Asker: 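Below is the structure I would like to discuss, written out as C-alpha cells.
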2 protein chains.
Amino acid sequence: MQDIADRLGISRGTVSLVLSGKAKEGRIGDELQNRVKELARELNYIPNEIARSLSTGVTKTIGVIVPDISNEFFGKMIFFIQEQAKYHGYAVITINTNECLKDFDEAVTILMNKQVDGIILVPVEGGNEIVKKIMSRKIPLVLIDRFYEDIDTTYIVTDNYDASSRAIELILNEGYKRNAVICYDINLFALTERKKGCIDVLKKHGVYDERLIKNIHYDNQEIEIEKAITDLKNEPDKVEAIFFCTRRIFLTGVKYMHQQGIHIPGDMRVICFDEVDAFSFANIPVTYIKQPIQQIGEKAIEALFDQIRGSDQAEHIVLNSEIKFSL
Amino acid sequence: MQDIADRLGISRGTVSLVLSGKAKEGRIGDELQNRVKELARELNYIPNEIARSLSTGVTKTIGVIVPDISNEFFGKMIFFIQEQAKYHGYAVITINTNECLKDFDEAVTILMNKQVDGIILVPVEGGNEIVKKIMSRKIPLVLIDRFYEDIDTTYIVTDNYDASSRAIELILNEGYKRNAVICYDINLFALTERKKGCIDVLKKHGVYDERLIKNIHYDNQEIEIEKAITDLKNEPDKVEAIFFCTRRIFLTGVKYMHQQGIHIPGDMRVICFDEVDAFSFANIPVTYIKQPIQQIGEKAIEALFDQIRGSDQAEHIVLNSEIKFSL
DNA sequence: CTGAAAGCGCTTACAG
DNA sequence: CTGAAAGCGCTTACAG
C-alpha cells in the first residue's frame with residue numbers, strides 16, 4: 001500500500017479509501033481511483049485482512065463447533081453454513097469436539113482468541129459455563145441441534161420429541177408392539193427428547209417395557225450397541241422393532257444385525273433418527289426421520305447475522321422433521 | 001494487557017513476555033510471573049491473536065479447499081486434517097469449490113487475504129494459473145487427491161490407475177466380461193487415471209468396447225447417469241458389470257438401478273471407487289476401492305508443516321488403496 | 001531483571 | 001478533493 005502511494009505520489013490514506021471502496025466518502029476523483037486500482041493490479045497487491053481486522057475490530061470470520069464434521073449430518077449442515085457465509089463475505093473456521101468437554105472448551109478459546117465475529121455451535125454435555133463465558137463477552141452466538149435449558153441463548157433445533165413420537169406411533173399402527181430404543185446415555189436435549197418421545201407413546205399404548213430401553217456410552221459405543229442387540233435378540237418375549245436414536249447407532253447396529261443373521265424386517269423392523277445418504281441403495285425397509293438440515297444451517301446463519309447487526313433478542317426456532325420410508 | 005500492566009505497575013512488554021511464555025528469555029522473576037498470570041485469569045484476559053498475528057506475521061491458521069465438504073470422502077479427510085492441525089495449535093478455514101473455477105479462485109483470494117500460514121487444496125479443473133499465483137507468493141501449499149501435471153507442487157494422491165486396474169482385473173477373473181465405466185467428464189488426474197486403469201485392463205483382455213465408457217457432465221449428473229444406465233441396460237449384447245468412478249456416481253446410479261428393477265448382482269455386478277459408510281448395512285455385494293483417507297489427511301498436514309518450517313522441496317506422495325468387498 | 005519505543009499494515013476522524 | 005497523524009493490541013530488539 002505504501003508502495004502504491006509512493007509511486008503515485010499520494011498518501012496511504014487515499015489509497016486505502018480507494019481500495020476499500022470508500023472513494024466516494026473521500027470524494028476522490030475517478031481518474032485517480034482508476035490509477036490506484038490499475039497499479040494495485042499490476043503489483044498483485046493483496047490486502048492484509050489481518051491489519052484491517054485489527055483496525056476495524058471486524059474479522060469477517062465466524063466459528064462453527066460441531067461434534068464431528070465427518071458425520072454426514074453435520075457435514076451437510078456445515079456445507080450450507082459455509083455457502084451462506086461465503087455469500088455474505090464471511091469465512092468459516094470449524095472445530096470438532098468429539099462430544100468431549102475439553103475439546104469444546106479449547107475450541108471456544110481458540111475462536112475467541114481469533115476474534116471471530118460470531119459463533120455457531122452444537123453444545124457438548126456439561127458445557128454450560130463455557131457458553132456463559134461466550135455470552136459474557138457479548139459475542140454473537142447461535143446454538144444448533146441442542147441447547148441448555150438453563151441458559152437463554154438463541155437456538156435452532158428440530159422437533160425431536162414430536163418426530164420420534166410420530167415415528168413410533170406409525171410403527172405401532174403397523175402392528176409392531178414390542179419396540180426397543182437404543183440411545184446414547186448423554187444428557188442433552190436432542191437425545192433425551194427423542195427417547196422421551198418414544199417412551200411416552202409406548203406408555204400411552206400400554207406396551208412400554210423399560211428393559212427394552214438401552215443406553216449406550218458414547219466412548220464405548222460399538223461394543224455396547226452390539227451387546228444391546230444381542231440382549232434384545234435374546235429377549236424371551238420377542239422384540240419386534242428397534243428405534244435407533246442416531247444415524248451412527250443405526251449404522252453400527254444394522255451392520256451387526258447382518259453379521260448375526262438377524263433379518264430386516266423379517267426378524268426385526270428398524271427405525272432410524274436421521275437420513276443416511278445410502279438409504280437409496282440399500283434395499284432394506286427403514287422408517288426414518290428426516291431433519292431439515294439445510295434449513296437448520298440457513299436459519300443459524302440468519303440468526304447469527306441478526307446478532308452481528310446488533311440484535312440482542314434470543315430467538316428460539318423449532319423446525320419440523322419429516323417421517324419417511326426408504327423403499 | 002495495558003490494564004494488567006497498569007495494575008501491576010509494570011510495562012506492557014513485560015506482561016507480553018510472561019503471557020506468551022517467553023518469560024525465561026526475558027529473565028523475569030517467578031513471583032512476578034505468577035502475579036501477572038493470576039491477574040490475567042481474574043480479569044478474564046483474552047489475548048488478541050489478530051494483533052499478535054499482525055506483529056509476528058504468523059496466523060496459526062491454515063486454509064483447506066475441497067469440492068464439497070458434505071461429501072463423505074472429503075468430510076472424513078478434513079476431519080483428520082483438522083484434528084492434526086488442532087494438535088499442532090492451528091485452526092483451519094475450509095471453503096468449498098463445487099468443482100467451480102470461480103469459487104476456487106475466490107477461495108484462494110480469501111485465504112491469501114487472511115494471511116493463512118499454508119493451504120491444502122483439491123485443485124479444480126483449469127485452476128493452474130491460480131495455483132501458480134499461490135506459489136509465486138511462496139505460501140506453503142499441498143495439493144491432495146489430484147494435481148496438475150504441468151506444475152511442480154507437493155501433492156498427496158492415491159494409486160488411482162493401479163487400484164482401478166486391480167479392481168477390474170478381479171471382476172474379469174470372476175467371469176464378468178462386458179464391463180462398463182461411468183465417470184465424470186472432468187480432465188483431472190484422479191478421474192482420468194481411474195478411467196485409464198479400467199480401459200487398459202479391458203483392452204489387455206480383449207474385451208474393451210468404447211460404447212460402454214460413459215462420460216458424465218458434473219453439472220447435470222443425475223440425469224446423465226440415469227440415461228447412461230438405461231443405455232447400458234438396453235445394450236443388445238448384455239452388459240455384466242459397471243465400474244462407478246466416484247461414490248456420488250455410484251449412489252445415484254444404484255438408486256436408479258433399484259427404481260428400474262435392475263438386480264444387483266443378478267442383472268449387473270457393481271464396483272465403486274471409494275468406500276461408503278453405509279456399505280455395512282446394505283446387503284448388496286459391492287467390490288470397492290478404499291483409499292487411505294486418514295493417511296492422506298495426515299500426510300498432507302505433515303508435508304505442509306515441512307514447508308512452513310522452511311522446506312522448499314516438492315514432495316510427491318502416492319498412497320496405496322485397498323480393494324475390498326462389502327459382504 | 002525490566003521499561004520505553006518502534007513497528008506490523010491497515011482505517012478513519014480531522015484539518016486543510 | 002487530499003494528506004498527516006493517531007490508533008487497533010500485540011511483539012521484540014534495544015538500552016539500561
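A note on names: the letters A, B, ... follow the listed sequences, proteins ahead of strands, and every chain is numbered from 1. What you see is a predicted model, and the numbers here were worked out from it, not measured in a lab.
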Asker: Which residues, if any, of residues 51-59 of chain B bring a heavy atom under 4.0 Å of DNA chain C?
Answerer: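 Within residues 51-59 of chain B, the residues near DNA chain C are B:L54, B:S55.
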Asker: How is the base pairing of DNA chain C summarised as a dot-bracket string, given the Watson-Crick and G-U wobble criteria with both distances under 3.5 Å, [ ] for crossing and | for another strand?
Answerer: |||.||||||||.|||
Asker: Taking only residues two or more places apart in sequence, or in another chain, which ones meet B:F80 in a ring-ring contact (aromatic ring centres under 6.0 Å, His included)?
Answerer: none
Asker: For A:F73, enumerate each residue passing the ring-ring contact (aromatic ring centres under 6.0 Å, His included) test, keeping only those at least two apart in sequence or located in another chain.
Answerer: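 A:F73 satisfies ring-ring contact (aromatic ring centres under 6.0 Å, His included) with no residue once adjacent residues are dropped.
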Asker: When you check the phosphate oxygens OP1 and OP2 of D:dT11, does a side-chain N or O of B:S16 lie under 4.0 Å from one of them?
Answerer: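 Indeed, a polar side-chain atom of B:S16 lies that close.
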Asker: Starting the side chain at C-beta, find the nucleotide from C:dG9, D:dA4, C:dG3 nearest to B:S11.
Answerer: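 Ranking C:dG9, D:dA4, C:dG3 by closest atom to the B:S11 side chain puts C:dG3 first.
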Asker: Output the rounded distance in Å from CD1 (B:I50) to C1' (C:dT11).
Answerer: 15 Å
Asker: Figure out the CG/P separation between B:N48 and C:dC8, and round it to whole Å.
Answerer: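 Computing the B:N48:CG to C:dC8:P distance gives 18 Å.
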Asker: Under the salt bridge (charged side-chain N to carboxylate O under 4.0 Å, His left out) definition, can you give me all pairs with a residue in residues 292-312 of chain A, not counting sequence neighbours?
Answerer: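 Those involving residues 292-312 of chain A are A:D306-A:R309.
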Asker: Using the test salt bridge (Lys or Arg N to Asp or Glu O under 4.0 Å), find all partners of A:E106 that sit at least two apart in sequence or belong to another chain.
Answerer: A:K102
Asker: Separation of B:K114 atom NZ from C:dC8 atom C1', in whole Å?
Answerer: 18 Å
Asker: Return the value, rounded to whole Å, for the distance between atom CZ of B:R12 and atom P of D:dG9.
Answerer: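 From B:R12 CZ to D:dG9 P: 10 Å.
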Asker: Rounded to whole Å, please give me the gap between CG in A:N113 and P in D:dT11.
Answerer: 11 Å
Asker: Do the side-chain N or O atoms of B:Y45 get closer than 4.0 angstrom to the phosphate oxygens (OP1, OP2) of D:dG9?
Answerer: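 False: B:Y45 side-chain N/O out of range (4.0 Å or more) of D:dG9 OP1/OP2.
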Asker: If the condition is salt bridge (Lys or Arg N to Asp or Glu O under 4.0 Å), which residues does B:E125 pass it with, not counting sequence neighbours?
Answerer: none
Asker: Starting from P on C:dT12, measure out to CG on A:L19 and report it in whole angstrom.
Answerer: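 Going from A:L19 (CG) to C:dT12 (P), I get 14 Å.
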Asker: Which residue pairs pass the ring-ring contact (aromatic ring centres under 6.0 Å, His included) test with at least one member in residues 122-149 of chain A, sequence neighbours excluded?
Answerer: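 Of all non-adjacent pairs touching residues 122-149 of chain A, those that pass ring-ring contact (aromatic ring centres under 6.0 Å, His included) are A:F147-A:Y155, A:F147-A:F189.
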Asker: Tell me whether the OP1 or OP2 atom of C:dT2 has a side-chain N or O from B:T14 closer than 4.0 Å.
Answerer: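 So the side-chain polar atoms of B:T14 never come under 4.0 Å of the phosphate oxygens OP1 or OP2 of C:dT2.
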Asker: When the distance from CG of A:D30 to C1' of D:dT2 is rounded to whole Å, what number comes out?
Answerer: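 Atom-to-atom, A:D30 to D:dT2, this comes out as 15 Å.
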Asker: Could you tell me whether B:E31 and B:R35 make a salt bridge, using a distance below 4.0 angstrom between a side-chain N and a carboxylate O?
Answerer: yes
Asker: Around B:Q313, counting heavy atoms of other residues, nucleotides and ligands shown, do more than 12 lie under 6.0 Å from its CD?
Answerer: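 No, because the 6.0 Å sphere around CD of B:Q313 holds 12 heavy atoms or fewer from other groups.
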Asker: List the residues meeting salt bridge (Lys or Arg N to Asp or Glu O under 4.0 Å) with A:R146, not counting sequence neighbours, and say none if there are none.
Answerer: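 Expected list: A:E99.
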